[in-house]
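The block underneath contains the structure these notes are about, expressed in C-alpha cells.
In this chain, numbering begins with 1 at the start of the sequence shown.
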Amino acid sequence: MKQYLIQNNPFIVPTTDGKRIEEHHGLAATNNPEISIAHMVAPPKWAEPFQTPEFEEYTYIIRGKKQFIIEDETIILEAGQSIKIERNTRVQYSNPFDEECEYIAICKPAFDFTKVHREE
C-alpha cells in the first residue's frame, strides 16, 4: 500500500456564480472527511451569502485581493497573506474588486454543504 496520494484529477465543483473551485482533497475529491484543500479563482465582483460553517477555514491568497466580513468586521487580504476563521463564525466571502482573486482554501473538518449554513 502506498503511503501517499498524488492528486492529478481534482473534483471541479459545479458553480453558477463564475467562481472556479478545484477540490484536490476532501469529501468530493477523495472521500476524506477530515480536511479539504481547494484551489479557487473568484471573478471580479463575486460574492457569497453570509454563512456560519461548522468547520474552521484557512485561506491563503495567491493573487489579487479577497474581502472577508467576519461578524461585523471587514478585512481585506492581499497576495501572500492568510487567515484562519474559527468554526461557527458568521462570515461572508467576496471579491468586490476589479481583478480575479486566486487562493487556496483549507477546511477542517472537510467542507460539507450540509454544514456550511448559508443565509438566503
Side-chain angles (χ1 to χ4, degrees):
M1 181 171 116
K2 288 186 180 180
Q3 300 298 316
Y4 61 89
L5 169 66
I6 296 173
Q7 175 58 283
N8 291 317
N9 190 25
F11 178 77
I12 307 302
V13 179
T15 64
T16 58
D17 59 4
K19 183 177 171 188
R20 180 156 176 88
I21 305 171
E22 299 175 352
E23 184 182 273
H24 284 259
H25 298 276
L27 285 173
T30 56
N31 199 30
N32 183 346
E34 302 299 319
I35 193 168
S36 59
I37 301 173
H39 176 234
M40 303 194 188
V41 178
K45 310 302 182 196
W46 163 86
E48 286 182 338
F50 276 92
Q51 57 194 16
T52 307
E54 294 179 37
F55 44 82
E56 53 193 42
E57 186 160 353
Y58 302 78
T59 303
Y60 173 76
I61 309 299
I62 298 169
R63 176 174 53 88
K65 295 186 285 190
K66 186 175 178 188
Q67 179 175 284
F68 304 76
I69 300 175
I70 304 168
E71 303 294 342
D72 295 321
E73 185 177 0
T74 300
I75 297 167
I76 297 170
L77 292 186
E78 298 181 5
Q81 294 183 306
S82 65
I83 191 170
K84 174 189 177 188
I85 301 173
E86 297 292 343
R87 67 184 73 208
N88 301 314
T89 300
R90 186 172 184 260
V91 60
Q92 183 200 36
Y93 300 107
S94 67
N95 176 14
F97 309 105
D98 292 328
E99 63 180 313
E100 287 184 335
C101 179
E102 180 180 9
Y103 60 99
I104 300 292
I106 299 169
C107 299
K108 191 171 178 194
F111 181 90
D112 182 336
F113 281 110
T114 67
K115 296 180 180 176
V116 72
H117 306 296
R118 288 199 175 126
E119 299 174 15
E120 304 227 356

Do Thr114 and Asp112 get their side chains close enough for a donor-acceptor pair, meaning under 3.5 Å? yes
In this structure, CD1 of Ile69 is separated from OG of Ser94 (nearest 0.5 Å) by 6.0 Å
Less than 4.0 angstrom from a charged side-chain N to a carboxylate O is my criterion; do Lys108 and Glu34 meet it? no
Taking Ile12's backbone N and O only, do any of them form a donor-acceptor pair with Glu23's side chain (distance below 3.5 Å, no angle check)? no
Looking only at heavy atoms, the pair that brings Asn95 and Cys101 closest together is ND2-N, 3.5 Å
With side-chain contact (heavy atoms from CB on, under 4.5 Å) as the criterion, how do Glu71 and Glu73 come out once you've worked through the C-alpha distance, each side chain's angles and the decisive distance to 0.1 Å? CA-CA 6 Å; Glu71 303 294 342; Glu73 185 177 0; over 6 Å; no
Can a salt bridge be assigned to the pair Arg118 and Glu120 using a cut-off of 4.0 Å between side-chain N and carboxylate O? no
Which atom names give the shortest non-hydrogen contact between Glu100 and Pro44, and what distance separates them? N-CG, 4.0 Å
If you link I, L, V, M, F, W and Y whenever their side-chain heavy atoms are under 4.5 Å apart, who else ends up in the same group as Leu77? Phe11, Val13, Ile21, Met40, Trp46, Phe55, Ile61, Phe68, Ile70, Ile75, Ile83, Ile85, Val91, Tyr93, Tyr103, Phe111, Phe113, Val116
Check Lys115 against His117 and note the closest heavy-atom contact, atom names and distance. O-CD2, 3.4 Å
Drop me the distance from Asp17's CG to Lys45's NZ, to the nearest 0.5 angstrom. 15.5 Å
Any chance the side chains of His25 and Gln7 put a donor and an acceptor closer than 3.5 Å? no
List the atom of Gly18, the atom of Thr15, and the distance in Å for their closest heavy-atom pair. N-OG1, 4.2 Å
Applying side chain to side chain contact (heavy atoms under 4.5 Å, CB included), can you list everything that pairs with Ile62, at least two apart in sequence or on another chain? His39, Tyr60, Glu102, Ile104
When rounded to the nearest 0.5 angstrom, what distance separates CZ in Arg63 from CD in Glu78? 14.0 Å
Give, for atom CD1 of Ile35 and atom SG of Cys107, the distance between the pair rounded to the nearest 0.5 Å. 9.0 Å
Check this for me, if you would: do Glu119 and Arg90 make a salt bridge, where the nitrogen-to-carboxylate-oxygen distance has to be below 4.0 angstrom? yes
Side-chain contact test, heavy atoms from C-beta onward, threshold under 4.5 Å: evaluate it for Pro33 versus Pro109 and give yes or no. no
Which ILVMFWY residues are connected to Ile76, directly or by a chain of links, through side-chain heavy atoms under 4.5 Å apart? Phe97
Taking C-beta and beyond as the side chain, do Ile106 and Glu57 meet within less than 4.5 Å on heavy atoms? no
Is it the case that atom NZ in Lys19 sees more than 12 heavy atoms from other parts of the structure closer than 6.0 Å? yes
List the atom of Ala29, the atom of His24, and the distance in Å for their closest heavy-atom pair. CB-O, 3.6 Å
